[in-house]
Trainee: 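The structure that follows is given in the form of structure tokens.
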Amino acid sequence: MSSAYKTQTQQVSAQFINSNFVRKLEDGRTKEAQDEGTAFIRQKMRQESYAREILEPVMLADDEVDRDENTDQPKKIVEKEPDSVATFVPFHGTGPRTWFRGGRFAVYFGKTESQRFTKSKFELMTYQNDIRKILSDNSVKDMADQEDQKFTDTISAILALNPTQVIAAPSFGSAAFKRGFQGLVGRKQPIGKILMTKALYYEALDLPATSVGNDVASRHYDMGIESEEKLWGIPVVTTIKKDICDIGAARSAYIFAPQNYLGCFFLLQDATLYIKQEADIIEFWSYAAPGIGIGNTQAVQRIDFPA
């Protein structure tokens, strides 16, 4: 999820938020003001949505939204590819005639919302950084955690009904991923991307040259694993969200088919910053309205490694 956000209201002047910064510029302390951009001490790492790297979000126009038949809740109906078969016939024969019927599935929407931050504008003026922007950027990434949690919960529910699509592997290596690739291809699904935590991804540093090749092993030694974006030619999405990505005590890696085989990610509204001011009190928060749907339960394979 991009940390850039829209501002829904323009009630709060940037002068209130950046007055200290502006004062320094007006006083000629340009270098001091520039240095303030990096003076804020972060408490922990945050990351954007990995679900959005597996399924690219699509913003829906108003006329593209469907209404649920029993409520006023919005949804989006997505059509599936109709199945087909061919047959061998003699020159004077004809193929079987059938009425085709394409399947459909509905993608429902929800709302993610950040904490609501409240501050007196006079207190806000004492900050040397744009605290509004910092908190809002962090809020967007906190909301991304909720998207990733729902995405992972949905995938886990699908795999719970299809236990053959989960592999328990004794160790991280090419043999485990080969079984995962074979599982997808055996179900006539193409291979798209791999998802795993950064901690698990670092296990690739120990892969021998006989497994990944001399050139790859050399790059790992010189530049580390972050210089690579693929394993065995497959794009890898990594995340720091161990508490969301990993299942139970295991360390999990997911192999997904490409998006057009997997599902959809729709947005009624992307992350938006709402600002409200009453007298000297400023309140702001972020919200979005996403919907994620998995249309093909055969398009994912999970590999669980011991912790």
Side-chain angles (χ1 to χ4, degrees), residues 45 47-56 148-149 151-263 294-307:
M45 290 176 64
Q47 190 179 31
E48 297 175 350
S49 169
Y50 62 71
R52 295 188 179 216
E53 295 190 60
I54 305 298
L55 297 172
E56 183 179 356
D148 290 342
Q149 185 69 67
F151 175 74
T152 305
D153 287 348
T154 301
I155 296 299
S156 295
I158 290 172
L159 294 177
L161 299 175
N162 299 274
T164 58
Q165 293 172 220
V166 179
I167 297 171
S171 61
F172 186 97
S174 58
F177 284 93
K178 181 178 72 172
R179 288 179 59 195
F181 298 152
Q182 290 172 334
L184 271 183
V185 174
R187 296 191 297 275
K188 298 183 179 180
Q189 305 296 316
I191 298 169
K193 293 180 179 180
I194 303 172
L195 167 68
M196 67 181 77
T197 64
K198 286 186 179 291
L200 184 59
Y201 189 45
Y202 284 131
E203 293 287 342
L205 288 171
D206 292 331
L207 293 176
T210 53
S211 176
V212 296
N214 288 322
D215 291 342
V216 174
S218 177
R219 286 198 301 271
H220 288 179
Y221 181 81
D222 291 338
M223 297 178 285
I225 191 68
E226 292 298 341
S227 65
E228 299 291 332
E229 296 179 351
K230 296 181 179 180
L231 283 176
W232 302 287
I234 309 301
V236 178
V237 176
T238 61
T239 176
I240 61 173
K241 304 175 187 180
K242 184 181 188 310
D243 56 325
I244 300 175
C245 184
D246 287 347
I247 303 300
R251 298 183 298 169
S252 302
Y254 303 78
I255 307 172
F256 294 100
Q259 177 165 347
N260 58 331
Y261 285 82
L262 179 61
I294 304 300
N296 182 3
T297 60
Q298 302 295 306
V300 59
Q301 187 87 28
R302 194 179 80 212
I303 307 172
D304 290 338
F305 300 97

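Source: prediction; values computed, not measured. This chain uses plain numbering: 1 for the first residue, then up along the sequence.
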Trainee: Roughly how far, to the nearest 0.5 Å, is CD1 of I240 from NZ of K198?
Mentor: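 Here the rounded value is 8.0 Å.
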Trainee: Checking Q189 side chain against A257 main chain: does a donor-acceptor pair fall under 3.5 Å?
Mentor: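 Looks like no, no N/O pair under 3.5 Å.
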Trainee: Can you sort out the partners of K241 under salt bridge (Lys or Arg N to Asp or Glu O under 4.0 Å), two or more places apart, ordered by chain and number?
Mentor: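 For K241, the residues satisfying salt bridge (Lys or Arg N to Asp or Glu O under 4.0 Å) (neighbours in sequence not counted) are D145, D148.
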Trainee: At their closest point, which heavy atom of I247 faces which heavy atom of S156, and how far apart are they?
Mentor: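 So the two residues come closest at CD1-OG, 3.5 Å.
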Trainee: On a heavy-atom basis, which atom in G192 and which in P235 lie closest, and how many Å separate them?
Mentor: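 Reported closest heavy-atom pair: O-CD, 3.5 Å.
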Trainee: State, yes or no, whether a side-chain contact exists between L200 and K242 at a heavy-atom distance under 4.5 Å.
Mentor: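 Side chain of L200 against side chain of K242, heavy atoms only: no contact under 4.5 Å found.
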Trainee: So which heavy atom on K193 is nearest to which on E53, and how close?
Mentor: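 Smallest interatomic distance, heavy atoms only, reads NZ-O, 2.6 Å.
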Trainee: In Å and rounded to the nearest 0.5 Å, what is the CD1 to OH distance from I194 to Y201?
Mentor: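 OH of Y201 is found 9.0 Å from CD1 of I194.
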Trainee: Which is it for L161 and T297 under the side chain to side chain contact (heavy atoms under 4.5 Å, CB included) test, yes or no, and what are the steps along the way?
Mentor: CA-CA 9 Å; L161 299 175; T297 60; over 6 Å; no
Trainee: Should the ring pair Y254 and F256 be called parallel, tilted or perpendicular, given that the plane angle runs from 0 to 90° and is split at 30 and 60?
Mentor: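 Because their plane-to-plane angle is under 30°, the rings of Y254 and F256 count as parallel.
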Trainee: Do L262 and I54 come within less than 4.5 Å of each other through their side chains, counting heavy atoms only?
Mentor: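 Counting from C-beta outward, L262 and I54 do come under 4.5 Å.
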Trainee: Rounded to the nearest 0.5 Å, what's the gap from CG on D246 to CZ on F305? Could you check?
Mentor: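 Here the rounded value is 11.0 Å.
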Trainee: Kindly assign one of parallel, tilted or perpendicular to the pair F177 and F172, based on the angle between their ring planes and the thresholds 30° and 60°.
Mentor: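 Plane angle over 60°, so perpendicular.
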Trainee: Taking C-beta and beyond as the side chain, do D304 and R302 meet within less than 4.5 Å on heavy atoms?
Mentor: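 Touching, per the 4.5 Å side-chain cut-off.
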Trainee: Flag the pair Q298 / K188 as yes when at least one side-chain heavy-atom distance between them is below 4.5 Å, and no otherwise.
Mentor: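 Q298 vs K188: side chains apart.
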Trainee: Are E203 and R251 close enough that some pair of their side-chain heavy atoms sits under 4.5 Å apart?
Mentor: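 Of all side-chain heavy-atom pairs linking R251 with E203, at least one is under 4.5 Å.
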Trainee: Under a 4.5 Å cut-off applied to non-hydrogen side-chain atoms, are C245 and T152 in contact?
Mentor: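 The answer is no, as the side chains (C-beta and beyond) never meet within the 4.5 Å cut-off.
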Trainee: So do I155 and I294 actually touch side chain to side chain, heavy atoms under 4.5 Å?
Mentor: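 Answer yes - side chains close enough.
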Trainee: For the residue pair R179 and Q301, confirm or rule out a side-chain donor-acceptor distance under 3.5 Å.
Mentor: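 Absent: no donor and acceptor within the cut-off.
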Trainee: How many angstroms lie between atom CG of L184 and atom OH of Y261, to the nearest 0.5 angstrom?
Mentor: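 Result: 12.0 Å between the selected atoms.
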Trainee: Taking C-beta and beyond as the side chain, do T238 and Y50 meet within less than 4.5 Å on heavy atoms?
Mentor: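 Counting from C-beta outward, T238 and Y50 never come under 4.5 Å.
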Trainee: Between Q259 and E56, is there a donor-acceptor pair closer than 3.5 Å when you use the side chain of the first and the backbone of the second?
Mentor: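 Such a contact is found between Q259 side chain and E56 backbone.
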Trainee: Looking at every heavy atom in both T239 and Q47, which two are closest together, and how far apart are they?
Mentor: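 Minimum heavy-atom contact is OG1-OE1, 2.9 Å.
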Trainee: Measuring from atom CD1 of I255 to atom CD of Q165, what distance do you get when rounded to the nearest 0.5 angstrom?
Mentor: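 Taking CD1 in I255 and CD in Q165, the distance rounds to 11.5 Å.
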Trainee: Looking only at non-hydrogen atoms, find the nearest pair between A176 and A169 and report the distance.
Mentor: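 Nearest pair, atom of A176 first, then A169: CB-CB, 3.6 Å.
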Trainee: Where is the tightest heavy-atom contact between A249 and A307, given as atom of each residue plus distance?
Mentor: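 Looks like O-CB, 3.1 Å.
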